[in-house]
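Heavy-atom basis, side chains included; hydrogens, waters and symmetry copies ignored. In what follows, chains are A, B, ... by sequence order, proteins preceding strands, each numbered from 1.
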2 protein chains.
Amino acid sequence: MKITKQREVIYEILRKNRNHPTALEIFDEAKRILPDISLSTVYRTLKDMVVHGDVVEIKLEGESKARYDLNTGEDHAHFKCRACNRIYDVSLMLPLDLVGFKVEKVDVYIYGLCPECSQKEVTA
Amino acid sequence: MKITKQREVIYEILRKNRNHPTALEIFDEAKRILPDISLSTVYRTLKDMVVHGDVVEIKLEGESKARYDLNTGEDHAHFKCRACNRIYDVSLMLPLDLVGFKVEKVDVYIYGLCPECSQKEVTA
DNA sequence: ATTTGTGCAAATCCTTTGCAGATAA
DNA sequence: TTATCTGCAAAGGATTTGCACAAAT
């Protein structure tokens with residue numbers, strides 16, 4: 001893993017902007033500092049960071065582009081407002097209704113091992 | 001909304017297969033009954049059904065194709081096993097650990113109105 | 001010196017769309 | 001009849017990839 005200017009810039013953009021930018025938005029901002037950076041590099045770097053667990057990829061309903069966020073390690077849900085399209089990080093520990101959010105739909109995706117495969121892994 | 005053979009077949013496939021098929025899988029199965037059906041029609045029909053709330057679109061991490069499931073009205077999460085890739089519907093009311101699932105990651109997406117927009121809607 | 005990363009352009013993959021003919025109401 | 005739906009082929013949009021050059025170790 002080499003430390004390149006491109007990677008540093010992309011990381012910095014994610015660290016400063018906590019608005020869940022798309023790859024294209026990151027690219028546009030990165031160009032202001034490194035005019036010759038390419039979109040491929042942005043995509044490649046983001047994918048590396050996701051694999052390494054440093055970055056989280058967010059795929060909201062109805063959006064074709066993925067969004068990215070630094071992985072803070074804290075569990076939180078992503079709330080998207082259908083009126084203003086803003087995305088909020090919300091704690092999973094607080095009842096949302098109480099703070100004024102109107103929840104219309106909840107999607108939960110869980111990843112891991114099912115009982116059968118979990119069993120196999122233990123045996124192996 | 002016309003009732004066509006194509007729509008009936010697609011609906012039946014979704015009713016019988018509760019394996020969260022992709023559009024292509026639905027298409028392949030539909031061809032066995034309607035050899036001339038087109039993939040476009042499958043996509044168009046699924047989209048209509050999603051808009052009407054009859055079908056739920058599922059986008060799992062790492063999968064490029066969307067999956068589809070009849071909307072049963074019951075809230076449930078989707079569990080994907082990283083070993084066998086099977087997708088399970090799991091109740092949101094039971095602690096998963098207890099039934100042998102090894103949970104490694106949870107993604108929660110919430111949709112609705114944020115406090116600010118919720119307020120505006122009341123005032124309007 | 002050698003390995004790894006980058007930019008470019010082209011390719012890929014899933015999904016959508018325009019249109020002329022077909023079909024349900 | 002006539003409004004809507006379909007199949008086809010082509011377009012679209014986001015992301016990935018091959019390759020020759022460049023940069024980091």
Please tabulate, for the side chains in residues 109-117 of chain B, all donor-acceptor contacts under 3.5 angstrom to protein atoms that are two or more places apart in sequence or on a different chain.
{"from": "B:Y109", "atom 1": "OH", "to": "A:K59", "atom 2": "N", "distance (Å)": "3.1"}
{"from": "B:Y111", "atom 1": "OH", "to": "A:E61", "atom 2": "N", "distance (Å)": "2.9"}
{"from": "B:E116", "atom 1": "OE1", "to": "A:R86", "atom 2": "NH2", "distance (Å)": "3.4"}
{"from": "B:E116", "atom 1": "OE2", "to": "A:R86", "atom 2": "NH2", "distance (Å)": "3.3"}

Report the distance from atom [atom1] of [X] to atom [atom2] of [N], rounded to the nearest whole Å.
X     : N      : atom1 : atom2 : result
A:R7  : D:dA22 : CZ    : C1'   : 14 Å
B:F27 : D:dT6  : CZ    : P     : 13 Å
A:Q6  : C:dC8  : CD    : C1'   : 14 Å
A:L34 : C:dG5  : CG    : C1'   : 13 Å
A:D48 : D:dT15 : CG    : C1'   : 14 Å
B:L46 : D:dC5  : CG    : C1'   : 15 Å
A:E63 : D:dA14 : CD    : P     : 11 Å

Checklist entry - Looking at residues at least two apart in the chain, or sitting in another chain, which of them share a side-chain hydrogen bond (donor to acceptor under 3.5 Å, both in side chains) with A:K80? => result A:E63
Checklist outcome for this item: Sorted by chain and number, sequence neighbours left out, side-chain hydrogen bond (donor to acceptor under 3.5 Å, both in side chains) with A:N17 holds for A:E29
Checklist entry - Apart from A:V51 itself, which Ile, Leu, Val, Met, Phe, Trp or Tyr residues share its cluster (side-chain heavy atoms under 4.5 Å, direct or through members)? => result none
Checklist outcome for this item: Going by chain and number, the hydrophobic cluster around A:I3 (ILVMFWY, side chain to side chain under 4.5 Å) further includes none
Item to check | Angle of first-five versus last-five pair axes in the helix from C:dA1-D:dT25 to C:dA25-D:dT1, to 10 degrees | outcome: 40°
Please table the atom pairs, donor to acceptor, closer than 3.5 Å between any side-chain atom in residues 6-14 of chain A and protein atoms at least two apart or in another chain.
{"from": "A:R7", "atom 1": "NH1", "to": "A:K2", "atom 2": "O", "distance (Å)": "3.0"}
{"from": "A:E12", "atom 1": "OE1", "to": "A:R15", "atom 2": "NH2", "distance (Å)": "2.9"}
{"from": "A:E12", "atom 1": "OE2", "to": "A:R15", "atom 2": "NE", "distance (Å)": "3.0"}

Item to check | Heavy-atom protein contacts under 4.0 Å, nucleotides 11-17 of chain C, coded B base, S sugar-phosphate only, - none | outcome: ---SBBB
Checklist entry - Can you list every ring-ring contact (aromatic ring centres under 6.0 Å, His included) pair that touches residues 12-42 of chain A, not counting sequence neighbours? => result A:H20-A:H78
Next on the checklist: Does this structure show an ion pair linking A:R82 with A:E104, if we count only N-O contacts that are shorter than 4.0 Å?
Outcome noted: yes
Next on the checklist: Is any side-chain heavy atom of A:D89 closer than 4.5 Å to one of A:D69?
Outcome noted: yes
Name every donor-acceptor pair, under 3.5 Å, that has one atom in a side chain of residues 37-47 of chain B and the other anywhere in the protein, sequence neighbours excluded.
{"from": "B:S38", "atom 1": "OG", "to": "B:T41", "atom 2": "N", "distance (Å)": "3.2"}
{"from": "B:S38", "atom 1": "OG", "to": "B:T41", "atom 2": "OG1", "distance (Å)": "3.1"}
{"from": "B:T45", "atom 1": "OG1", "to": "B:T41", "atom 2": "O", "distance (Å)": "2.7"}

Protein N or O to nucleotides 21-25 of chain C N or O, pairs below 3.5 Å:
{"from": "C:dT23", "atom 1": "O2", "to": "B:K2", "atom 2": "NZ", "distance (Å)": "3.4"}
{"from": "C:dA24", "atom 1": "N3", "to": "B:K2", "atom 2": "NZ", "distance (Å)": "3.2"}
{"from": "C:dA25", "atom 1": "OP1", "to": "B:I3", "atom 2": "N", "distance (Å)": "3.3"}

Checklist entry - Partners of A:T72 by side chain to side chain contact (heavy atoms under 4.5 Å, CB included), sequence neighbours excluded? => result A:R18, A:E74, A:H76
